[in-house]
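Reading through the structure tokens given below for one structure.
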Amino acid sequence: MGLDVGVGGQVLDLETAVKDGILGGGGGIGVGGGCGLISTAAAEKLDLKKMIEELEAVEVPSVFICPISLDPMRDPVTLCTGQTYERSNILKWFSMGHYTCPTTMQELWDDSVTPNATLQQLIHTWFATKYSAMKKRSQDVQGRAIEVLEILKKAKGQSRIEALKELRQLAAAHSTARKSLVDNGGVGSLSSLLGPFTTHAVGSEVIAILVSLDLDYSGKTNLTQPAKISLMVDMLNEGSIETRINCTRLIEMLMEGKDFVSENVSSLSLLVGLLKLVKNERHPNGVIAGLRLLKAICSHESLRASIVSIGAVSQLVELLPGFKADCIELALHILEVLSTVPEGRLALKECAKTIPNMVKLLMKVSESCTQLALAILWAVCKLAPEECGALAVEAGLAAKLLLVIQSCYNPVLKQRSAELLKLCSSNYTATNFISKCKLTTTIQ
């Protein structure tokens with residue numbers, strides 16, 4: 001079967017093209033029967049646009065790619081130069097006043113375009129074959145996930161762990177396996193394995209699977225039972241770093257439910273475990289997971305004093321300089337929320353690094369961070385204006401506040417900066433305050 005696919009006038013033989021790897025052979029491309037092949041009739045029923053979108057990650061043969069858009073062609077047309085393009089792309093090229101071949105830059109002696117039906121059919125058949133193979137693999141994966149789920153209901157000891165490991169691998173690699181688990185009662189079956197007598201070997205595998213699934217209201221409610229939460233807290237403190245991160249993420253998922261009861265996460269052991277995770281800078285994923293859950297816990301006012309009681313304020317303040325931008329914003333949000341309770345404000349005031357670290361962050365990371373740092377500074381300075389105001393001025397706060405007032409477009413930040421500047425200067429004469437601020441002549 002000789003195919004003129006318009007690649008510099010080259011005529012391709014389909015069998016040779018597949019054999020030589022021109023069309024990404026391996027699995028077979030064809031328009032007939034046989035292993036790995038699909039019929040033309042079956043291929044034509046499949047929508048090419050949909051197949052291209054779903055096979056986005058697959059490497060496509062270069063002869064199927066439009067040289068203009070670098071996307072697979074759906075309606076290939078050939079110019080008089082022998083080069084082939086996607087119809088819409090070449091017509092747009094012409095509409096811009098170009099009457100040359102985009103690839104060779106030759107002037108066109110004929111601006112008509114000829115549909116390349118042979119290449120179009122080859123493209124469609126290639127994608128249809130890949131698409132059908134992908135769907136078959138997907139069905140195989142779904143079937144295996146259901147089989148393992150059934151095995152899990154009867155398995156004990158090491159057999160149970162092996163089944164869980166396989167299920168975990170399937171869920172991690174295939175979205176279809178995850179959906180199959182949810183649709184076939186997998187969440188309930190897995191949740192039933194968690195309890196006061198569950199070993200960490202089983203628990204870590206179960207939680208690794210559950211954290212990858214889309215949990216509904218019923219699934220979340222089931223997992224918030226005290227015995228299950230208690231197991232997660234134990235593993236968060238004693239498990240491997242991967243297990244600790246998974247436990248943290250799962251608890252955060254459970255807190256997203258509208259009926260979540262704050263007492264479920266009031267354990268000091270949970271809070272201590274989260275702080276350990278946040279302080280482990282060797283594992284950035286753990287740091288951000290820990291901060292995210294602490295932020296979620298802070299949203300419950302009744303738990304804020306408990307967070308302060310374990311020394312979270314001073315530890316987060318001291319960790320700030322070593323955090324990356326996303327972690328800085330999370331940590332500042334936690335500290336700002338804690339500053340709304342008396343215990344939190346006092347802890348911020350008593351931490352020697354609170355004021356200098358907050359001043360350094362003004363106008364440095366993001367507008368959001370500046371706003372949070374200002375709110376924290378306001379809470380501390382309002383608590384002890386004379387003592388903290390002097391420390392803030394000494395740390396260079398005045399220059400930073402003037403910079404915010406001058407440069408920031410946010411009226412709320414400007415107003416808060418002006419109020420804080422006024423608060424800090426209230427115990428000085430104008431001349432004395434300016435000399436203390438160490439301002440440049442221009443700023444003065």
Side-chain angles (χ1 to χ4, degrees), residues 26-27 35-36 38 42 46-47 50-60 127-195 198-224 228 231-232 235 239-254 256-257 285-286 289:
C35 182
I38 63 171
L46 299 171
D47 180 61
K50 180 184 177 183
M51 292 189 292
I52 290 174
E53 289 173 353
E54 293 198 28
L55 291 168
E56 186 179 7
V58 174
E59 186 176 352
V60 178
F127 273 101
T129 304
K130 293 287 184 182
Y131 184 78
S132 297
M134 180 191 75
K135 286 296 181 184
K136 186 178 185 305
R137 285 195 302 273
S138 174
Q139 290 168 359
D140 291 345
V141 165
Q142 286 178 297
R144 183 55 185 163
I146 295 171
E147 283 178 17
V148 177
L149 196 57
E150 288 302 314
I151 293 169
L152 196 56
K153 292 176 182 178
K154 302 172 184 176
K156 304 288 183 183
Q158 189 60 34
S159 297
R160 174 178 286 179
I161 295 173
E162 293 304 318
L164 284 169
K165 285 182 182 294
E166 183 179 353
L167 206 55
R168 178 183 181 179
Q169 290 172 351
L170 288 169
H174 305 282
S175 59
T176 51
R178 295 192 291 274
K179 186 177 184 305
S180 185
L181 285 175
V182 172
D183 293 345
N184 290 275
V187 174
S189 296
L190 290 166
S191 298
S192 68
L193 298 177
L194 299 177
T198 303
T199 64
H200 284 199
V202 169
S204 61
E205 296 297 335
V206 170
I207 287 171
I209 299 167
L210 287 171
V211 82
S212 70
L213 303 180
D214 185 13
L215 304 178
D216 60 13
Y217 175 79
S218 174
K220 289 179 179 179
T221 303
N222 188 5
L223 284 166
T224 53
K228 299 183 192 298
L231 175 66
M232 293 178 211
M235 290 195 291
S240 66
I241 186 65
E242 183 183 13
T243 297
R244 292 164 63 196
I245 292 172
N246 284 336
C247 289
T248 302
R249 288 175 174 165
L250 183 56
I251 295 172
E252 184 191 359
M253 287 169 63
L254 300 180
E256 292 169 359
N285 288 341

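Counting from 1, the numbers follow the sequence of the chain as shown. The structure displayed is predicted, hence computed values, not measured ones.
Applying the side chain to side chain donor-acceptor pair (under 3.5 Å) rule to Thr243 yields the partners Ser240; only residues at least two apart in sequence or on another chain are considered. Checked against side chain to side chain donor-acceptor pair (under 3.5 Å), Asp214 has no partners two or more places apart in sequence or in another chain. With sequence neighbours excluded, the residues that form a side-chain contact (heavy atoms from CB on, under 4.5 Å) with Glu150 are Lys153. Contacts of Gln169 classified as side chain to side chain donor-acceptor pair (under 3.5 Å), with partners at least two apart in sequence or in another chain: none. In terms of the side-chain contact (heavy atoms from CB on, under 4.5 Å) criterion, Ala172 has no residue partners (sequence neighbours excluded). With sequence neighbours left out, the side chain to side chain donor-acceptor pair (under 3.5 Å) criterion links Arg249 to no other residue.
The two residues Ser189 and Ser192 come nearest to each other via the heavy atoms O-OG, 2.6 Å. Across every non-hydrogen atom of Leu149 and Gly186, the tightest pair is CD2-CA, 3.7 Å. Taking both residues in full, the closest heavy atoms of Ile207 and Met232 are given as CD1-CG, 3.8 Å, listed atom of the first, atom of the second, then distance. Closest approach of Lys228 and Leu194 over heavy atoms only: NZ-O, 2.9 Å. Shortest non-hydrogen contact noted between Ala171 and Ile209 is CB-CG2, 4.4 Å.
A salt bridge links Arg144 with Glu166: the closest approach of a Lys/Arg side-chain nitrogen to an acidic carboxylate oxygen falls below 4.0 angstrom.
Leu181 has its side chain out of reach of Val187: every pair of non-hydrogen atoms, C-beta onward, lies at least 4.5 Å apart.
Of the possible polar contacts, none joining the Arg178 side chain to the Leu213 backbone as a donor-acceptor pair under 3.5 Å is found. For the pair Ser180 (side chain) and Thr176 (backbone), a donor-acceptor distance under 3.5 Å is absent.
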